[in-house]
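Just below is one structure, and these are the notes that go with it.
Each residue takes its place number in the sequence, starting with 1. First listed ligand is number 1; within each ligand, the first listed atom is number 1.
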Amino acid sequence: MTIFAQNLDQYLKEHTSPEIASTVMTLADSSIAIRDLLNKGVLAGIHGEAGGQNIQGETQKKLDVISNDLLLNALTQNSNCAAVASEELDDISPANQDGTLLVTFDPLDGSSNIDINMTVGTIFSILPYHHQGQVATETDFLQAGKHQLASGYFIYGTSTMLALTFGAGVSMFSLDPASRQYVLINERITISQQTAEYAINASNRRYWLAPLAQYIEELAQGDTGVRNKDYNMRWVAAMIADVHRILVRGGVFMYPFDTKIAGKAGKLRLMYEANPMSFIIEQAGGASTDGVQRIMDIEPTGIHQRIPVVLGAKQEVEYIKSLHDQAGILANGEKI
Ligand code: F6P
C-alpha cells in the first residue's frame, strides 16, 4: 500500500471549508485524548460502570462518560459549532449561535467491549445549521442524512484510524503515535459489490421478519443452497468494528428490525450511528437501507430515533431490499 505522507490538517485544508476543517481537527484532538485513556486501561481507573444510565436505558461505562465530556467540552468551545448532540445525553447542547455547523456523535460505540480489551470507536456526523443568531434546538438537527456535510469515525483498535467523508469519496488515516498526527493512508476506499462475509447477531433469529430470516437461511446453506457458495460470519458487537471490516475487506452488516423489544424500531440510532455510517458506506460505493428505503432519505422524527440497518456490499443490500419488496412489507414488518 502507498503511504501518503500527508497529515490530517494539511488534507483538510485542501478538501473542505475552514469551518469543517476546524471541527474535524477538534474531533481528532479529542480522539487522541480518548485513545490515551484507552491505552492506560485499568491503570487509568476507567474500566467498570459509572452507575448512571443513558437515554436508551443502557448502563454507562466510566469511559463513555469521560469521552462524552471530552468531546462535548471541545466542540462547544469551537466557534463553528452551533450545537452538539451526543448519544449519551438526553438533550442537545447549544454552543455558539454564530456557528454554521451541528455535530452529532456517539462518543464510544461498542463500549461493552472496553472491559474485555476489544475495539471501540467514536462516530460523528456534521450537519449544516441554518439559524445563525438563534439558539439551536433539537428540531435543527432533524435533517435527513443526505444533508450531512461530513461524517466519519475514529476506531481504537490495534492501531487508531480515522475514516472520513465530505461526500466525495472516503479517505482513511492512521494515527502515528510518535507525532500524534493522523496520516493519510488511502484516499479512495471502495467496497466490493459482492461478498462472502456477513455480520449479524444471529441470536436474535427468532425475532426477525420473514425476508431477513430467509436471506440469512440462504447464506447459512452455503454451497448446498441457492447461493452455491459458502459464507463466513463475523460479529464484533461494535458497529464501528464491523463497519470498518467491511470498508477494508467487504461484507454486509445487518442490525435489522426485530420483535424482541416492543416499540423499538431497531437497535441502532439514526443520528449517531446509521446516518454517519451510511454516508461513509455509500461514498465507498456500498449501499445502506433500513431493509426497504435508503437510510439517508429518512426524515428523522427525534434525535434519539432508532432504525433497522442493512449496509455494505451493494448487490447484497439490494437483494435484501428486493426480499422485503416481494413480501410487501415495510422495514418494521407492517404490510404495505
Ligand atoms: O449501538 C450499540 C452497539 O454496541 C453497536 O455498536 C453494535 O453493533 C450493537 O450494539 C451490538 O449489539 P448486540 O449486543 O445485540 O450484539
Atoms in ligand 1 with a heavy atom of Arg269 nearer than 4.0 Å: 1 (O), 2 (C)
Any Ile320 side-chain heavy atom under 4.5 Å of His324 side chain: yes
Whether Glu87 lies under 4.0 Å from ligand 1, heavy atom: no
Would you call the rings of Phe173 and Tyr11 parallel, tilted or perpendicular, taking 30° and 60° as the class edges? perpendicular
Counting C-beta onward and ignoring hydrogens, is there a side-chain heavy-atom pair between Met25 and Leu12 closer than 4.5 Å? yes
Give yes or no for whether the N/O distance cutoff of 3.5 Å, strictly under, is met between Leu268 and ligand 1. no
If you measure every N or O of Asn201 against every N or O of ligand 1, does any of those distances drop under 3.5 Å? yes
Do Tyr153 and Thr122 make a side-chain contact, defined as non-hydrogen atoms from C-beta onward lying under 4.5 Å apart? no
Can you name the atoms of ligand 1, numbered from 1 with element, that are less than 4.0 Å from a heavy atom of Glu273? 1 (O), 2 (C)
Any Ser151 side-chain heavy atom under 4.5 Å of Ile280 side chain: yes
Quick one: which ligand 1 atoms are inside 4.0 Å of a heavy atom on Met239? 5 (C), 6 (O), 7 (C), 8 (O)
Which atoms of ligand 1 have any heavy atom of Asp109 under 4.0 Å away? 1 (O), 5 (C), 6 (O)
Quick one: does Phe257's side chain get under 4.5 Å of Leu209's, heavy atoms only? yes
